[in-house]
> 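One structure, pasted below without further comment.
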Amino acid sequence: MSAANSNSPAGVEMLRVTGLHAFYGESHILHGLDFVVNRGEVVTLLGRNGAGRTTTLRAMLGLTGKRSGSIMVNGRETIAMPTHDIAHLGIGYCPEERGIFASLTAEENLLLPPQVASGGMSIEEIYTMFPNLQERRASPGMRLSGGEQQMLAIARILRTGAKLLLLDEISEGLAPVIVQTLGRMVRQLKQRGYTIIMVEQNFRFAAPLADRHYVIEHGRIVETVPMNELQGKMDRLHELLGV
Amino acid sequence: MPLQSEFILETCELTKAFKGFVAVSSVNLKVKRGSIHALIGPNGAGKTTTFNLLTKFLAPTSGTITFNGADITSEKPAEIARRGIVRSFQISATFPHLTVLENVRIGLQRELGTSFHFWKSEKSLEQLNGRAMELLESVDLASFAKTVTVELPYGRKRALEIATTLALDPELMLLDEPTQGMGHEDVGRVVDLIRKVSANRTILMVEHNLGVVADLSDTITVLARGAVLAEGPYSEVSKNPLVLEAYVGSEQQ
Amino acid sequence: MFELLGITPQALYSQLLVGLINGSFYALLSLGLAVIFGMLNIINFTHGAQYMLGAFLAWIGLTQLGPWLGSPDFSLNYWAALIVVPLLVGALGIVIERTMLRHLYKLDHLYGLLLTFGIALIIEGLFRQWHGSSGKSYDIPEVLRGAINLGFMYLPKYRAWVIVASLTVCFATWFVIERTKLGSYLRAGTENPRLVQAFGINVPLMITLTYGFGVALAGFAGVLAAPIFTVSPQMGADLIIVVFAVVVIGGMGSILGSIVTGLALGLVEGLTKVFYPEASAVVVFVIMSIVLLVRPAGLFGREK
Amino acid sequence: MLTRTQWGFIALIVAGVLAPHLGVYPTFLMKCWCLALFACAFNLLLGYTGLLSFGHAAFIGAAGYIAGYSIKAWGLSPELGILAGTAFAGVLGYLFGSLAIRRAGIYFAMITLALAQMLYFVWLQMKFTGGEDGLQGVPRGKLFGVIDLADTLNLYYFVFAIFIVGFLLIYRTIHSPFGQVLKSIRENEPRAISLGYDVDKYKLLAFVLSAALAGLAGATKTVVFQLASLTDAHWHTSGEVVLMTLLGGLGTVFGPVVGAFVVVGLQNQLADKVGSWVQVIMGAIFVVCVLAFRRGIVGEWMTLFSRKR
Amino acid sequence: QQKGGLKLSDGVVKIGILTDMSGLYADLSGAGSITAAKMAIEDFRAQEKGNVFPIELVYGDHQNKGDVASNKAREWFERDKVDMIGDLVTTSTALAVMPIAKQANRITIVSGAASTLITGKNCTDTNVHYVYDTYALANGTGKAVVKQGGDSWFFLTADYAFGHSLEKDTSDVVKANGGKVLGAVRHPFPGTDFSSFLLKAQSSGAKVIGLANAGTDTTNSIKQAAEFGIMPKQSLAGLLMFLTDIHSLGLKTAQNMYLTEGFYWDFNAETRAWSKRYYDQHKRMPTMVQAGVYSSTMHYLKAVKAAGTDEAKAVMAKMKQTPVNDFFAKNARIRDDGRLVHDFYLLQVKKPEESKYPWDYYHVRQVIPAADAVGPAANSECPLMKK
Ligand SMILES: Nc1ncnc2c1ncn2[C@@H]1O[C@H](COP(=O)(O)OP(=O)(O)OP(=O)(O)O)[C@@H](O)[C@H]1O
Ligand SMILES: Nc1ncnc2c1ncn2[C@@H]1O[C@H](COP(=O)(O)OP(=O)(O)OP(=O)(O)O)[C@@H](O)[C@H]1O
Ligand SMILES: [Mg+2]
Ligand SMILES: [Mg+2]
């Protein structure tokens, strides 16, 4: 994985999902999803509860049950790869349920994910970004408050050098100040050339950050809204999301 | 009824220390009877911990908790519940493989006093169905009564949880982030619901969604670093510079 | 003072030594259980059978292998067995994990317990069918025969070796798990294997190897035990229940905890044999009950 | 219209009443009914409360000894002896239960296993149990002083009646207000607590009930075989009851009954023919059940049935 | 019904061998006992030149469980019309089957079990205790060893009824013969580590350590005694041991220890001749239990023939009337309580270098005459003896 730098040309395709189907056991959740994300872009996946946004992220990492279709990451087909190999293509995942390891300390949690590419953030940078974590570095993961866990979940993938970040509801349960910090962070990351896919419920948070919004309903993309068309499509979004 | 004080719940110098770390320190909380009281604060301020102390999932290091004039500091979780303090969880808590109706009935059933009666027929619980349906009605779930709970969408589960809580007819309801993870419609529904059920009872809630807080609450207590930072109605608190700095932030992005 | 109770200091020291030996076996076995439990969240009921397998393979290597291979003079001696047998037992464990246990991770943990219980029955039954119930004897290796007279007590060399060997293995294991990165992968994998895998770690492989390793520990204990105890198909079955009690007492929270508890209980049992031998079969269980009353999570366990 | 369960009951009773007249060997049947009751009692705990006890041998064994001893040494009538055994098992269940429910899940299994093993050693050393030799020669006596139980058919119907009573009690327990609370605890324990239930008390009562019913099975078995022995108290018995329940169908009403008949029947048939392979075969059944047949015979059948409809 | 000039209940004499085919005692009885019974039937047919009543053999595994044994016995008696059940290894199964046999009026011949209860308190008039009991073993070893100079004893006792009674019987004998008992230690049953108990025994300074335990407990204690270098300063005496135990222990470990058995294959030409034949079929030399099964089955068949019926009382009367006279026992009689009164042997395990051929394990140190070996009739608790 070459580290994408900030002036890499936009339009280089980072991720292409075509005809993605995914299942949990018997239940068919994704019904042929298609979307594309270019290097350095921030896109959001919007939708109502249960639309299948989280499932989309999980399917990209092979964490759902059966799946079919095609997921090209940097030109490589990953649909048949085992999860741990997909991660090594440079993908960082921050799950909806945060996934903090209770038996590890905050710092161990932070250091846990292995480096998948060069150019990750240093611990110092991370602690400057999230001072709370520095303060609680020695406490066991399960003792952190909900919000602290959320910060830790994001922080630890920034260390790994992954350049494609899958962020699931990161603004969830955070104090407004922190949400603002996160907003700044996403911008910063984008400037550094990261590619980000965000699943968001908080439209106000996501709207100004994203280059493009995909709206998912019943496991399909039902609407694509580029940044510049946002104003015009507000009504449609309203209808789809109840915003 | 004995003379009731204005405050249904009071804590006095409530403190919880974890190995060398004080999560809640000397909190004096007074919750007015019949009000909706919100507890807000930055992450890690000690809100959930306070809840855990109030419902005895944690034992306080020091301080006392008084409910309706009685000292409940050393009671067990189930006893607290029977006194009329019932909480909901940060993550929705239902009985997934029971039907929606049965979920609510579990809440009602204890009142019958037959919960240990292993020789009685289940049919004896059917007398509760009427009341259970009323409760479901009140949260718009009546049409789902026969549905197995796992199949409900998230927001509906939240509503069901509230209905089950209501079944106990609690005097004081503790809601931990009731709108967390909800889509906008669901948020609206839950806000309405909370307002509806707040009649005749007291509600203490933790919530990060300032819109909801502003909308619902009579009084707001802001916690930061385990201590009370500010208290008062939304209009006051939201202008408090300390609160702005610690919690609300600049609001322009 | 002990003389008053009719016990000579010599007897007392000897008992403590014996206790320590039992303790080393408890420690090795409960450590293996803890490692497996930690990663797979499964109580490996097969552990006793795998311990027996270790002892049996050592015996087969020493006495049967040569004739099978057609060269009666060939035999796998004790020292070779100490290396080879755990590998074999571990390899069998890996097969079990790959073909069977693997399919149970998504289910309630009790299925793992039941599966391993079934496998234990099979292994034990096969050996009973094959070698009968009466035991085989395995000679102590030449260099470790006899005893050292320490003046205050009589220390059989082989037993001293058992203590040294098992403690070394225990602490090496502890070091790897608690003090290395590999260990933190293991611990994290315990909680949320899918996520650890999503971070790019080959969790299935890690699980397989962990199970293999934990089982190999049992095999190792079996080889150590072969010269002391009669090698027989049921040798593991009853021991494993005591080890379960040890595990409950220690709590599976920490690796060190299971080692320390194992040793300590061996000692307590040894002392009971001095002062009130009739109770020595139940003392571990009694302690378990008391610990449950006082500290339900176990001495080293974490509450939930 | 009768429900499926009601049809099942009728079939069970008809089969039970007719079986000895159809050439099935009555002593074998009695053993099956005793173990079926044992398995049903176990299922009450595992299938409906989610607690895996690996020490149920303690209860069937203890009740056997107490019933046997009180009948033999104190001359109690068989029904009183059985009651005594059952009561003792219940008390024992209370003691073991109070300890074991302090931990959940796998620990619970290990604790019950260890406690049962402890009791095994106690029986082994006690004088009155006859140690290895067992408590032999328990008289069958006269039921209520009139019905002579030395007559095999009388005894058979007595045993069958006990089974039915135990079975109905379990069925009722599952479908009672209490059963409803048990279910909710299994589903979401913290939530049940927050609704004001003292979950430990409920678990304990379930444990005591299960222990007492297991005891009822053990005491009855002692009267049938006129002996109480260590075999019943051994942990193999605990394993066997898990197997019966699992094979028949965990958490189904009739599963444990079917499982008990299959396991006892197999053991009976196989023991002479294949010797020590029995243990291997039992182990293999365990493995197959866990890997591929988790719903058990009755469970699979019910799925098949409902799919067809 | 008349068959071969006999009144047979169902036209055939059915013999059932109820034994342990897979458990701890499978080696010393089990399949070997079935082989022995088969041989007896064939030999009987051969002796009678084919002119005999039909004989059938059935066998079953009681898994050492009383209830399984009792279930099987009932089934055999009631449904399959079995006339005699033999072997019955382990006391719990023997005691479970005996009363059922009495009730059904069938015969039991216990070869495998050890308890004196079988011919004591729990005796029945349809039972024979053919081979050995704890009294004979304790008495044989205790008395003989004291006579050989082993006059101070320390016991290592399995802590349950069987161990206790073995210890008590033996120490009574030791004391009665002028020996001293210095102490005893009880170990849990089943045990694995006996070293601490052995150390106690060692520090007692007793000349003989009596092992009042059985099976793997005994073999484990012997192994560990070897490890602690207890022998040859002190000798071990196994109070319940079989040829198969010595076989699995190996002479190196077991050498020099004393034990008593009711039969040894290499005792004289006659025993050797039979045992060789047995060996050809079973590939192992017979234990006393297996030899006893052969001898008792033969004795039973002869009695059936002599009585002209398979009715239990009549056959039993004949069995008691006729002395047993074969390779197993000479001029031995069955007493009223069912005990076969025959000679025992005090044996000492050979050193490895003394063993000349496979299964050459013992020196026969002494033949214990029947009268000494078996519990005196006067002390019997069996009601049948008081007549
Ligand atoms: N592990 C699972 N097993 C079965 N079904 C699942 C599982 N996880 C999710 N689902 C179902 O898949 C559908 C899509 O879920 P998903 O989590 O992708 O929704 P989402 O769009 O992220 O919504 P939200 O996170 O707001 O609830 C939902 O109907 C959900 O019930
Ligand atoms: N059991 C515990 N042991 C040690 N520290 C704890 C424990 N529980 C909570 N803490 C710490 O106490 C502080 C308060 O936690 P709490 O969960 O109450 O925060 P909160 O206000 O609910 O935050 P959020 O809004 O993020 O959920 C946190 O810093 C947390 O790390
Ligand atoms: Mg989601
Ligand atoms: Mg919180």
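Treat the numbers as computed from the prediction; the structure is a model and nothing was measured. Sequence lines set the chain letters: A, B, ... in the order given, protein chains first and strands last, and positions in each chain run from 1.
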> What part of C:Leu293 gets within 4.5 angstrom of chain D, counting heavy atoms only: side chain, backbone, both, or neither?
both
> Can you find a heavy atom in the side chain of C:Val247 that is under 4.5 Å from one in the side chain of D:Met110?
yes
> Of the backbone (N, CA, C, O) and the side chain (C-beta and beyond), which part of D:Val287 lies under 4.5 Å from a heavy atom of chain C, both, or neither?
both
> First locate atom CD of D:Gln117, then atom CD1 of C:Ile241, and finally report the distance between them rounded to the nearest 0.5 Å.
4.0 Å
> List the steps, then state whether side-chain contact (heavy atoms from CB on, under 4.5 Å) holds for D:Leu246 with C:Tyr111.
CA-CA 10 Å; D:Leu246 195 64; C:Tyr111 285 106; 4.1 Å; yes
> Looking at C:Phe117 versus D:Phe54, is the centre-to-centre ring distance below 6.0 Å?
yes
> Taking it one step at a time, do D:Tyr107 and C:Ile43 satisfy side-chain contact (heavy atoms from CB on, under 4.5 Å)?
CA-CA 9 Å; D:Tyr107 278 102; C:Ile43 279 292; over 6 Å; no
> Search all heavy atoms of D:Val280 against all heavy atoms of C:Ile122 and return the closest pair with its distance.
O-CG1, 3.7 Å
> Applying side-chain hydrogen bond (donor to acceptor under 3.5 Å, both in side chains) as the test, list every pair that has at least one member in residues 199-209 of chain D; sequence neighbours left out.
D:Glu189-D:Lys203, D:Asp198-D:Lys201
> Using every non-hydrogen atom in the two residues, find where D:Arg102 and C:Pro296 come nearest and quote the distance to one decimal.
NH1-CG, 3.6 Å
> Any chance you could measure C:Asp108, atom CG, to D:Ile106, atom CD1, to the nearest 0.5 Å?
8.0 Å
> Is it true that atom OH of C:Tyr105 has more than 12 heavy atoms of other residues, nucleotides or ligands lying nearer than 6.0 Å?
yes
> Quick one: do C:Leu107 and D:Arg294 satisfy side-chain contact (heavy atoms from CB on, under 4.5 Å)? Show the steps, please.
CA-CA 10 Å; C:Leu107 306 172; D:Arg294 276 184 291 274; 3.2 Å; yes
> Please look at D:Leu250 and chain C and tell me whether the side chain, the backbone, both or neither of the residue comes under 4.5 angstrom of a heavy atom of that chain.
side chain
> Taking side chain as everything from C-beta outward and backbone as N, CA, C, O, which of these in D:Leu115 sits under 4.5 Å from a heavy atom of chain C? Side chain, backbone, both or neither.
both
> Which residues in residues 257-269 of chain C have any heavy atom lying under 4.5 Å from a heavy atom of chain D?
none
> First locate atom CE of D:Met118, then atom CE of C:Met288, and finally report the distance between them rounded to the nearest 0.5 Å.
7.0 Å
> Report the C-alpha separation of C:Phe45 and D:Leu113 in whole Å, then their side-chain angles, then the decisive distance to 0.1 Å, and conclude whether the side-chain contact (heavy atoms from CB on, under 4.5 Å) test is met.
CA-CA 12 Å; C:Phe45 221 121; D:Leu113 174 61; 3.8 Å; yes
> Using non-hydrogen atoms and a 4.5 Å limit, figure out which bit of C:Val286 sits close to chain D: side chain, backbone, both or neither.
both
> Name the member of C:Ala245, C:Ala120, C:Ala237 that forms the most heavy-atom pairs with chain D at distances under 4.5 Å.
C:Ala237
> I need the residue from C:Asn41, C:Leu115, C:Val248, C:Leu104 with the largest number of non-hydrogen atom pairs under 4.5 Å to chain D.
C:Leu115
> Can you measure from CD1 (C:Ile249) to CD1 (D:Ile111) and round to the nearest 0.5 angstrom?
10.0 Å
> At their closest point, which heavy atom of D:Ala109 faces which heavy atom of C:Leu113, and how far apart are they?
CB-CD2, 3.9 Å
> Measure the shortest side-chain to side-chain distance between C:Leu110 and D:Leu46 over non-hydrogen atoms and say whether it is less than 4.5 angstrom.
yes
> Taking the side chain as every heavy atom from C-beta outward, state whether C:Leu114 and D:Phe286 have any pair of such atoms under 4.5 Å apart.
yes
